[in-house]
Amino acid sequence: MRRMLFAALCLSPFFLAAERVETNDVYTMPAEAALWVSADPAAVAVGEGEGAIRLRILKAGGIVEITGPEFKLEKRPEFVTARRLELFVQAFQKNCGDGVVQFRIRQDNGRWAVPLRPRRDWDTVMDVVEAWKWEKRQALTELGSIANGTISARMILRVDTSAGKGEFFLEKLGVKEICIVNHNIVTKQEGNTFFADSGTVTIRYFNPEEIVSGKLTILDEEKRVFREKAFGSKTREMTVNLPERGFYEVIANATYADGGEIVSDATVGVIGAPIPDPVRRASRYGLMRVHASSQWTRKIGGNIDWGFWTLNQVEPGPDGKIISRFPKTEPKKEKDFFVYAGMHGYFPTWLQSERAKNRYLFEPKDWKLYAEAVEVWARDNPDLPDVVCV
């Protein structure tokens with residue numbers, strides 16, 4: 001249990017409130033339709049109207065991507081521990097269906113900015129989920145995280161045309177960059193976790209030339225001071241040895257000539273070598289794969305692999321009977337985990353009730369058909385989980 005506690009808490013560093021925050025305006029949208037290009041103009045037309053960028057849905061179909069303007073950014077150093085783009089949107093709609101527009105930001109590396117709050121789609125920074133709210137003008141602000149190496153990004157709108165009608169009016173759009181600056185606390189270990197009996201932590205201080213004084217404090221798992229060291233001006237880097245197993249909290253505090261202060265905090269685990277596999281397989285602990293990989297679960301001694309399943313591999317055949325589309329593979333003779341799988345996403349369109357709208361997980365349109373689909377899925381699945389939540 002101690003190993004699991006260490007590993008779970010060391011999955012990511014966290015920071016105290018005394019970080020430095022830098023904010024820059026990076027983009028303000030001009031009301032010019034030419035900056036927005038529809039991937040399918042016959043389905044979604046882009047123009048201008050009522051003092052806004054107007055998106056008109058002309059026919060029913062799927063998702064149509066609208067490519068928006070690009071804006072430039074600067075590469076950020078390692079001391080930027082969180083880099084976010086703040087998206088401001090003012091808009092309204094007429095006669096649109098739910099979920100009509102998703103606002104996304106594509107980085108120059110091809111990846112999407114990651115929202116700070118859960119979304120219907122994880123790559124969406126802002127989502128027009130309930131259309132009725134947008135019948136009146138809405139002004140919203142949301143945040144998306146980007147990489148320090150990103151030097152340009154582009155606005156992308158994803159328009160759902162399934163309703164076959166509607167207009168969306170984008171009046172204002174602005175983007176700010178928010179950089180949260182901290183000292184750099186480095187272990188060179190995944191999840192700041194040492195699978196050994198000791199470890200080493202290096203602290204690199206932000207803007208050392210301006211440091212007046214500071215203090216490094218290391219606490220143990222009971223919040224007792226394990227080590228404490230004061231330091232003077234222009235301290236650039238410190239390295240500390242953690243000589244024994246334990247859960248440590250590293251607190252790096254520096255005061256600057258301008259009176260400002262940065263206090264950065266990270267957790268580190270020293271938990272010893274991974275336990276033997278026969279012992280691990282007897283464990284009742286595990287991790288959910290949304291937050292960690294199966295490999296990480298195994299490394300820290302977990303036996304339960306908690307994942308998801310869908311009915312995407314089954315469908316009605318030509319005669320209406322349910323058939324499966326699983327690849328022809330041999331089942332694993334021995335599993336690495338006790339596998340628990342929960343239902344995820346929404347049902348295939350042939351099984352959905354009308355109100356699911358290919359977006360939500362509601363009851364199936366036919367419970368008997370659902371039971372048949374689950375039975376076929378379980379019968380033909382070459383790698384059936386040990387426990388299935390339906």
Side-chain angles (χ1 to χ4, degrees), residues 25-71 85-106 112-113 115-144 153-176 345-346 349 352-362 365:
D25 291 319
V26 295
Y27 181 74
T28 301
M29 181 193 78
E32 297 178 16
L35 298 175
W36 302 83
V37 179
S38 173
D40 186 355
V44 180
V46 181
E48 298 173 18
E50 301 189 33
I53 304 300
R54 181 176 65 173
L55 309 180
R56 289 189 300 136
I57 299 174
L58 303 177
K59 65 177 182 179
I63 301 294
V64 174
E65 193 168 281
I66 310 297
T67 301
E70 181 183 47
F71 47 91
L85 294 180
E86 180 185 87
L87 173 64
F88 169 78
V89 167
Q90 181 175 300
F92 65 95
Q93 64 86 13
K94 296 179 181 179
N95 302 315
C96 290
D98 289 340
V100 63
V101 176
Q102 294 180 12
F103 290 83
R104 296 189 178 191
I105 299 174
R106 181 182 288 143
W112 299 108
L116 269 62
R117 297 193 298 166
R119 294 274 174 248
R120 177 163 53 101
D121 290 319
W122 286 95
D123 297 323
T124 301
V125 175
M126 188 181 293
D127 199 351
V128 182
V129 177
E130 297 169 301
W132 64 269
K133 290 183 178 180
W134 295 76
E135 291 174 0
K136 295 182 178 181
R137 179 177 290 107
Q138 296 289 310
L140 294 181
T141 300
E142 294 287 357
L143 296 169
R154 185 180 293 277
M155 288 302 312
I156 301 292
L157 306 183
R158 287 168 59 85
V159 181
D160 187 345
T161 67
S162 58
K165 63 179 182 177
E167 295 177 296
F168 189 84
F169 296 84
L170 179 58
E171 295 181 309
K172 296 180 181 179
L173 185 148
V175 181
K176 292 182 179 180
Y346 42 81
T349 53
Q352 287 181 19
S353 59
E354 184 176 345
R355 64 176 182 154
K357 299 180 180 179
N358 209 31
R359 298 190 191 100
Y360 310 109
L361 180 58
F362 284 115
K365 67 179 181 182

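Predicted, not measured: the structure shown is a model, and the values here were computed from it.
Each of L35, V46, I156 was scored for a side chain to side chain contact (heavy atoms under 4.5 Å, CB included) with T67, with one residue passing: I156.
Between the OG1 atom of T124 and the CG atom of L157 there is a distance of 11.0 Å, given to the nearest 0.5 Å. Separation of atoms CG (D98) and CH2 (W132) is listed at 10.0 Å; rounding is to 0.5 Å. Within the model, atoms CD of Q352 and CG of L361 stand 9.5 Å from one another, a figure rounded to the nearest 0.5 Å. Between the CD atom in E171 and the CE atom in M29 there is a gap of 8.5 Å [rounded to 0.5 Å]. For the atom pair CD1 (I53) and CZ (F169), the distance works out to 11.5 Å, reported to the nearest 0.5 Å.
Checking side-chain atoms of E167 against main-chain N and O of R54 turns up no donor-acceptor pair under 3.5 Å. A donor-acceptor pair is defined here as one N or O able to donate and one able to accept, closer than 3.5 Å; no such pair exists between the side chain of E142 and the backbone of V125. Checked by atom type and distance alone, the side chain of R104 never pairs as donor or acceptor with a backbone atom of A113 at under 3.5 Å. Under the 3.5 Å distance criterion, the side-chain polar atoms of S38 are matched with a main-chain donor or acceptor of D40. Looking only at distances, a side-chain donor or acceptor of T161 sits under 3.5 Å from a matching main-chain atom of G62.
A pairwise comparison of heavy atoms in K133 and Q138 identifies O-NE2, 2.8 Å as the closest pair. Here the closest heavy-atom approach between residue A131 and residue C96 is recorded as CB-O, 3.4 Å. For the pair M155 and F103, the tightest heavy-atom approach, listed with the atom from each and the gap, is CE-CD2, 4.3 Å. Closest of all the heavy-atom pairs between L58 and A45 is CD1-CB, 3.9 Å. Scanning all heavy atoms of the two residues, the minimum distance from I66 to V159 falls at CG1-CG2, 3.8 Å. For the residue pair A43 and V64, the shortest heavy atom distance occurs at CB-CG2, 3.9 Å.
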Before you tell me yes or no, could you show the steps for Q93 and V128 under side-chain contact (heavy atoms from CB on, under 4.5 Å), namely the whole-Å CA-CA distance, both residues' side-chain angles and the distance that decides it to 0.1 Å?
CA-CA 10 Å; Q93 64 86 13; V128 182; 5.6 Å; no
Trace of the side-chain contact (heavy atoms from CB on, under 4.5 Å) decision for W36 with L55
CA-CA 10 Å; W36 302 83; L55 309 180; 5.8 Å; no
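Side-chain contact between V100 and I57 is present, with heavy atoms from C-beta onward closer than 4.5 Å. Between K172 and F88, some side-chain heavy-atom pair lies under the 4.5 Å cut-off. L85 has its side chain within reach of F71: a pair of non-hydrogen atoms, C-beta onward, lies under 4.5 Å apart. No side-chain heavy atom of E354 sits under 4.5 Å from any side-chain heavy atom of K365. Two residues are said to be in side-chain contact when any heavy atoms from C-beta on lie closer than 4.5 Å; T141 and E86 meet this criterion. The side-chain heavy atoms of P69 and Y27, taken from C-beta on, include a pair separated by under 4.5 Å.
Aromatic ring orientation, W134 versus F168: tilted (interplanar angle from 30° to 60°).
Under the side-chain hydrogen bond (donor to acceptor under 3.5 Å, both in side chains) criterion, R106 pairs with E65, not counting sequence neighbours.
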